[in-house]
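Just so it is clear: chains get the letters A, B, ... in the order the sequence lines come, proteins before strands, and each one is counted from 1.
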Amino acid sequence: MNRVKIKQILDTDKNPGKVLIKGWIRTKRDSKEFSFLEINDGSSLKNIQVIAQNNLDNYEDVTKLTTGSAVSVKGEVVESPGKGQKWEINASELDVVSIAPETYPLQKKRHTDEFLRTIAHLRPRTNKYGSVFRIRSELAYAVHKFYNEKGFRYVHTPIITGSDCEGAGELFKVTTLDGNDVEKGKFNYEKDFFGKETNLTVSGQLSAEMFALSLGDVYTFGPTFRAENSNTSRHVAEFWMIEPEMAFCDLEENMNHAEEFLKYVTQHICDNCADDINLFTQFVDKSLKGVIDSILNSKFKRLPYDEAIEILKKADQKFEYEVEYGLDLQSEHERYITEKHFKIPVFIYNYPKTIKPFYMRINDDNKTVAAMDLLVPRIGELIGGSQREERLDRLLDRLKEMDLPVEDYWWYIDSRKYGTVPHSGFGLGFERLIMLLTGVTNIRDVIPFPRTPSSIDF
RNA sequence: UCCCCAGUAGCUCAGUCGGCAGAGCAAUUGGCUGUUAACCAAUGGGUCCGCGGUUCAAAUCCGUGCUGGGGAGCCA
């Protein structure tokens, strides 16, 4: 007899008859003559209720089953006379696959996220985390589906890189040297595996640009590493980033694309993860429905940086940090704009060039660059992107202006020498997207095994 | 890295002015009418985060370290 997934039974309208299921016991209620077992196999948030009568050969074993134990059940699907479920299974055979001893840490009650983080290897067995990771999987699929339908190519940019190209934050060193090769606290990179300083990637962008300038529209979707000593609910050292890069694309089209992307993947999980989303709207964030509605049904606000400064200056709210043209926006400013002022996702664009990296395209005013950030309620910056500087002379000027080693960028510069075209792209933090769409407030709770400063337990 | 808060049973927490270590849930055992975080009863369960100090006496006061959380910076 072939095993069926519990989701298949719960989703069906007509009785599937005799079935075989396998899963874990979430809870058990005993009566004198029989037991109710709630079985979950991870295929859905919902459990299926199994009735085990005391006439089973091994009923003695069944009564010893505990929360967390694994079982295999054969039985007839029947309409449930009880409330709370349509179908249940009358067990005709119930095999114990394994018993979880009484030390099993997950109980039939709410646990705090902090406690569950200390048992990250077991937390996907809870309702909330099961839902988080089903949605994470479905969102990843939606990303690929979206890009596939739009004719984008998926590019695997390197994870080990030989350049500190963007100077973006602290990098994780990659080395095969041991202590004996390190003299006076200095690495002799010539003796190292690659013969030069090597790091984990902080962004696939520069590589992706090379492929956009050949395959047209491309995207990357992979792990990214930042060794910043950041201790916040929005930062981890290893996270996943989605980076589209589009040839013949200006800043406005870039924003159009970002908006279309966000609406598409949001709609996808609304269509495919209704139960899981429902759990979050009920138990995690009551305002989640409004957030999702604002993504699906609003036209995202597009606001030039200088107008954002004006709005903040006029705001009837005291900010801890100064608002002044030429200064970067602080968290409190971003949240005011997206949460209080507009209450929908907001693109801020055309930032002063002094606060943005070398590769962003200089605007005609020579003061601003064609950069854009997408701010969303509760998260702040979800997307950071720009139109790239495609003009060779301007790019070289910028590199020199920012005192960057031009020779290290020889291959990047080559792309502006040969067949250069306007192009644009952005980076989107995958975990922040999951936070946005689930209402989960700590990034450590939307990635299976989070890596943060002094914490790599699993 | 900076600022603030917390650490007591497996979990969530209470513990007054420094004076015998507590509750609910969980677990274990038994009971029970088709239950829904089932219900009822009994039982077991402690390095009060570590180290040092003050005191006749410290979970409680002081110092220090560690861990966790919230916020900031950095960013996605």
Side-chain angles (χ1 to χ4, degrees), chain A residues 26-38 46-53 63-64 66-68 78 80-85 88 90 100-119 126-127 166-170 201-205 221-243 258 283 319-321 328-335 355-357 373-376 379-385 426-436 441-447 452-455 457:
Chain A
R26 281 295 177 79
T27 170
K28 180 172 72 108
R29 293 176 289 273
D30 292 323
S31 188
K32 195 174 190 178
E33 318 231 310
F34 54 88
S35 297
F36 293 104
L37 300 135
E38 297 231 16
K46 291 190 183 122
N47 309 319
I48 193 151
Q49 176 163 284
V50 169
I51 288 86
Q53 301 281 351
T63 60
K64 291 191 183 118
T66 53
T67 300
V78 295
S80 176
K83 280 181 188 159
Q85 61 276 320
E88 62 185 25
N90 278 329
E102 67 279 3
T103 50
Y104 186 60
L106 291 172
Q107 299 168 7
K108 296 182 284 191
K109 64 167 213 165
R110 275 184 66 116
H111 288 292
T112 58
D113 293 326
E114 290 79 10
F115 170 66
L116 291 170
R117 240 168 261 154
T118 68
I119 49 166
T126 64
N127 286 341
E166 290 174 79
E170 293 294 310
T201 183
V202 292
S203 164
Q205 180 198 317
F221 183 11
T224 307
F225 307 88
R226 305 272 166 94
E228 284 295 336
N229 189 11
S230 295
N231 291 285
T232 81
S233 56
R234 303 182 309 283
H235 292 86
V236 277
E238 175 184 301
F239 63 100
W240 284 61
M241 190 154 65
I242 296 149
E243 294 177 290
F283 300 114
F319 295 114
E320 195 183 330
Y321 288 85
D328 211 352
L329 299 180
Q330 304 294 319
S331 287
E332 56 176 347
H333 306 142
E334 295 179 347
R335 295 189 65 157
I355 55 173
K356 290 291 181 186
D373 285 354
L374 178 66
L375 311 180
V376 295
I379 311 292
E381 186 180 338
L382 176 69
I383 287 174
F426 59 78
L428 182 149
F430 188 52
E431 284 74 20
R432 289 188 182 176
L433 176 64
I434 302 169
M435 291 167 76
L436 175 69
T441 52
N442 195 313
I443 196 166
R444 299 174 183 94
D445 297 334
V446 296
I447 188 163
T452 52
S454 334
S455 168
D457 283 342

TODO: Select base, sugar-phosphate, or nothing to describe what A:T224 touches, counting heavy atoms under 4.0 Å on all strands.
DONE: nothing
- [ ] Answer yes or no: does a side-chain N or O of A:R29 lie under 4.0 Å from OP1 or OP2 of B:U35?
- [x] no
Task: Distance between P atoms of B:A9 and B:A59 (Å, rounded) - done: 14 Å
Task: Proximal nucleotide (of B:G73, B:A76, B:A38) relative to the A:T27 side chain - done: B:A38
Open item on the list: For A:F36, give me all partners under ring-ring contact (aromatic ring centres under 6.0 Å, His included), at least two apart in sequence or on another chain.
Closed with: A:F34
TODO: Rounded off to whole Å, could you give me the OH-to-P distance for the A:Y104 and B:C11 pair?
DONE: 15 Å
- [ ] Please measure how far the C1' atom in B:U47 lies from the corresponding atom in B:U8, and state the result in whole Å.
- [x] 12 Å
Task: d(CZ, A:R110; C1', B:G24) in whole Å - done: 16 Å
Task: Residues which pass side chain to side chain contact (heavy atoms under 4.5 Å, CB included) with A:K108, listed by chain and number, not counting sequence neighbours - done: A:T27, A:T67
- [ ] Please tell me which of the listed nucleotides, B:G73, B:A76, B:C25, lies nearest to the side chain of A:T232?
- [x] B:G73
TODO: Check every strand shown and say whether A:E38 touches a base, only sugar-phosphate, or nothing at a heavy-atom separation below 4.0 Å.
DONE: base
Task: For B:C2, the Watson-Crick or wobble counterpart (both distances under 3.5 Å) - done: B:G71
Open item on the list: Just to be sure I understand the rule, does A:H111 reach a base, reach only the sugar-phosphate, or reach nothing, if contact means heavy atoms closer than 4.0 Å?
Closed with: sugar-phosphate
TODO: Scan A:L382 against the nucleic acid and name what it touches under 4.0 Å (heavy atoms): base, sugar-phosphate only, or nothing.
DONE: sugar-phosphate
- [ ] Could you check whether A:L433 gets within reach of a base, just the sugar-phosphate, or nothing at all, counting any heavy atom under 4.0 Å?
- [x] nothing
- [ ] Remember a base hit wins even if backbone is also touched, and classify A:Q53 as base, sugar-phosphate or nothing at under 4.0 Å, heavy atoms.
- [x] nothing
Open item on the list: How many whole angstroms separate atom NZ of A:K109 from atom P of B:C11?
Closed with: 9 Å
- [ ] Quick one: do A:Q205 and A:M241 satisfy side-chain contact (heavy atoms from CB on, under 4.5 Å)? Show the steps, please.
- [x] CA-CA 10 Å; A:Q205 180 198 317; A:M241 190 154 65; over 6 Å; no
Open item on the list: Is A:F239 stacked against the base of B:A76, taking the criterion as centroid distance under 5.5 angstrom and interplanar angle under 30°?
Closed with: yes
- [ ] Evaluate the side-chain contact (heavy atoms from CB on, under 4.5 Å) criterion for residues A:R117 and A:D445: first the C-alpha distance (whole Å), next the side-chain angles of each, then the deciding distance (0.1 Å), finally the verdict.
- [x] CA-CA 7 Å; A:R117 240 168 261 154; A:D445 297 334; 2.8 Å; yes
TODO: Output yes when at least one side-chain N/O atom of A:Q330 is less than 4.0 Å from OP1 or OP2 of B:G73, else no.
DONE: yes
Open item on the list: Categorize A:V376 for me: base, sugar-phosphate, or nothing, with a 4.0 angstrom heavy-atom threshold over every strand shown.
Closed with: nothing
Task: Separation of the P atoms in B:U43 and B:C4, to the nearest angstrom - done: 47 Å
Task: With A:F221 via ring-ring contact (aromatic ring centres under 6.0 Å, His included) - residues at least two apart - done: A:H144, A:W240, A:F430
TODO: Considering non-hydrogen atoms only, spot the tightest contact between A:E381 and A:R432 and give its length.
DONE: O-NH1, 3.0 Å
Task: Polar pair under 3.5 Å, donor/acceptor by atom type, side chain A:E33, base B:G34 - done: no
TODO: Determine the contact category for A:E332: base if any of its heavy atoms lies under 4.0 Å from a base atom, sugar-phosphate if only primed atoms, P, OP1 or OP2 are that close, otherwise nothing.
DONE: nothing
- [ ] Only counting residues at least two apart or in another chain, list the ones meeting ring-ring contact (aromatic ring centres under 6.0 Å, His included) with A:H111.
- [x] A:F115
TODO: Grab the NZ-P distance between A:K28 and B:C32 for me, whole Å please.
DONE: 15 Å
- [ ] Starting at atom CZ of A:R226, determine the distance to atom P of B:C74, rounded to an integer number of angstrom.
- [x] 14 Å
Open item on the list: Applying salt bridge (charged side-chain N to carboxylate O under 4.0 Å, His left out), can you list everything that pairs with A:R335, at least two apart in sequence or on another chain?
Closed with: A:E339
Open item on the list: Could you tell me how far B:A27 sits from B:A37 if I compare only their C1' atoms? Round to whole Å.
Closed with: 16 Å
Task: Side-chain donor-acceptor contact under 3.5 Å, A:E243 with A:S203 - done: yes
Open item on the list: From C-beta outward on A:M241, which listed nucleotide comes closest to its side chain: B:A76, B:A72, B:G34?
Closed with: B:A76
Open item on the list: Please confirm whether the shortest side-chain N or O distance from A:S31 to OP1 or OP2 of B:C32 is below 4.0 Å.
Closed with: no
Task: P atoms of B:C13 and B:C20, separation to the nearest Å - done: 25 Å
- [ ] Report which part of the nucleic acid A:Y321 touches: base, sugar-phosphate, or nothing (heavy-atom distance under 4.0 Å, all strands).
- [x] sugar-phosphate
- [ ] Using whole Å, report how far CZ of A:F115 lies from C1' of B:G7.
- [x] 15 Å
TODO: Using atom CZ of A:F36 as one end and atom C1' of B:C32 as the other, report the distance to the nearest whole Å.
DONE: 13 Å
TODO: Could you work out the separation of B:U1 and B:U36 based on their C1' atoms and round it to a whole Å?
DONE: 50 Å
- [ ] Would you please name every residue forming a side chain to side chain donor-acceptor pair (under 3.5 Å) with A:N127, sequence neighbours left out?
- [x] A:R26
Using atom names, set out every protein N or O paired with an N or O of nucleotides 27-31 of chain B below 3.5 Å, distance rounded to 0.1 Å.
none

- [ ] May I ask you to say what A:P105 touches in the nucleic acid, namely base, sugar-phosphate or nothing, with a heavy-atom cut-off under 4.0 Å?
- [x] nothing
Open item on the list: Whole angstroms only, please: what is the CD-P distance between A:E334 and B:G73?
Closed with: 9 Å
Open item on the list: Taking any heavy-atom pair under 4.0 Å as a contact, classify A:T103: base, sugar-phosphate, or nothing.
Closed with: nothing
Open item on the list: Please report the distance separating the P of B:A41 from the corresponding atom of B:U55, rounded so that it comes out in whole Å.
Closed with: 49 Å
TODO: Write down the distance separating the C1' atoms in B:G15 and B:A21, rounded off to the nearest Å.
DONE: 9 Å
- [ ] Considering just the side-chain nitrogens and oxygens of A:S230, establish if one lies under 4.0 Å of OP1 or OP2 belonging to B:U1.
- [x] no
- [ ] Give a yes or no on this: more than 12 heavy atoms of other residues, nucleotides or ligands lie within 6.0 Å of atom NZ of A:K356.
- [x] yes
Between the protein and nucleotides 65-69 of chain B, list the N/O to N/O atom pairs that are separated by less than 3.5 angstrom.
{"unit_1": "B:G69", "atom_1": "OP1", "unit_2": "A:R117", "atom_2": "NH1", "d": "2.5"}

Task: Set of residues satisfying ring-ring contact (aromatic ring centres under 6.0 Å, His included) with respect to A:Y321, sequence neighbours excluded - done: none
Open item on the list: Closest approach to the side chain of A:E228, judged atom by atom: which nucleotide of B:G34, B:C74, B:A72 is it?
Closed with: B:C74
TODO: Describe the nucleic acid contact of A:G427 in one word from base, sugar-phosphate, nothing, applying a heavy-atom distance below 4.0 Å.
DONE: sugar-phosphate
Open item on the list: Which nucleotide, if any, forms a Watson-Crick or G-U wobble pair with B:G24, using both distances under 3.5 Å?
Closed with: B:C11
